[in-house]
Amino acid sequence: MPSDREAAEIKKAMAYDLIDVFESDSEKKEYTPEEIKAIIKAYIAGLVQK
């Protein structure tokens with residue numbers, strides 16, 4: 001089990017990854033809550049497959 005510091009670093013890394021995902025679609029400036037949920041679920045599913 002990760003230490004508190006490691007857990008915080010993991011959460012920060014995930015947040016930066018998601019920011020990159022949202023910024024990678026430069027044409028899309030706004031997302032609905034449903035779109036955000038779908039992106040986060042796809043991100044998590046991708047992590048599970050690794």
Side-chain angles (χ1 to χ4, degrees):
M1 178 164 241
S3 68
D4 289 343
R5 181 178 175 162
E6 290 169 329
E9 292 297 319
I10 292 167
K11 290 174 187 175
K12 287 179 191 177
M14 182 188 70
Y16 280 110
D17 285 347
L18 289 171
I19 288 169
D20 286 342
V21 168
F22 288 113
E23 290 181 341
S24 68
D25 189 356
S26 61
E27 305 228 350
K28 183 110 173 147
K29 297 294 182 192
E30 295 181 11
Y31 294 88
T32 66
E34 291 77 22
E35 290 172 322
I36 293 171
K37 288 180 202 174
I39 290 169
I40 293 171
K41 286 179 181 181
Y43 174 86
I44 292 168
L47 289 177
V48 173
Q49 292 178 1
K50 287 185 177 182

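What's counted below: heavy atoms across the whole structure, side chains too, no hydrogens, waters or symmetry copies.
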Review point. Of all residues at least two apart in sequence or in a different chain, which pass the salt bridge (charged side-chain N to carboxylate O under 4.0 Å, His left out) check with K12?
Key: E9
**Study point:** Residue pairs passing the ring-ring contact (aromatic ring centres under 6.0 Å, His included) test where at least one lies in residues 19-39, sequence neighbours excluded
**Key:** F22-Y31
**Study point:** salt bridge (Lys or Arg N to Asp or Glu O under 4.0 Å) pairs, two or more places apart, involving residues 32-41
**Key:** K28-E35
**Study point:** Linked, directly or transitively: I44 and I10 (ILVMFWY side chains, under 4.5 Å)
**Key:** no
Review point. By side chain to side chain contact (heavy atoms under 4.5 Å, CB included), which residues pair with S3, not counting sequence neighbours?
Key: R5, E6
Revision key, fill the gap. Rounded to the nearest 0.5 Å, the CG atom of L18 sits from the CD1 atom of I40 at a distance of 5.5 Å
Study note, to complete from the structure: Scanning both residues in full, the closest heavy-atom pair of P2 with A7 reads CB-N, 4.2 Å
**Study point:** Residue pairs passing the side chain to side chain donor-acceptor pair (under 3.5 Å) test where at least one lies in residues 13-22, sequence neighbours excluded
**Key:** D17-Y43
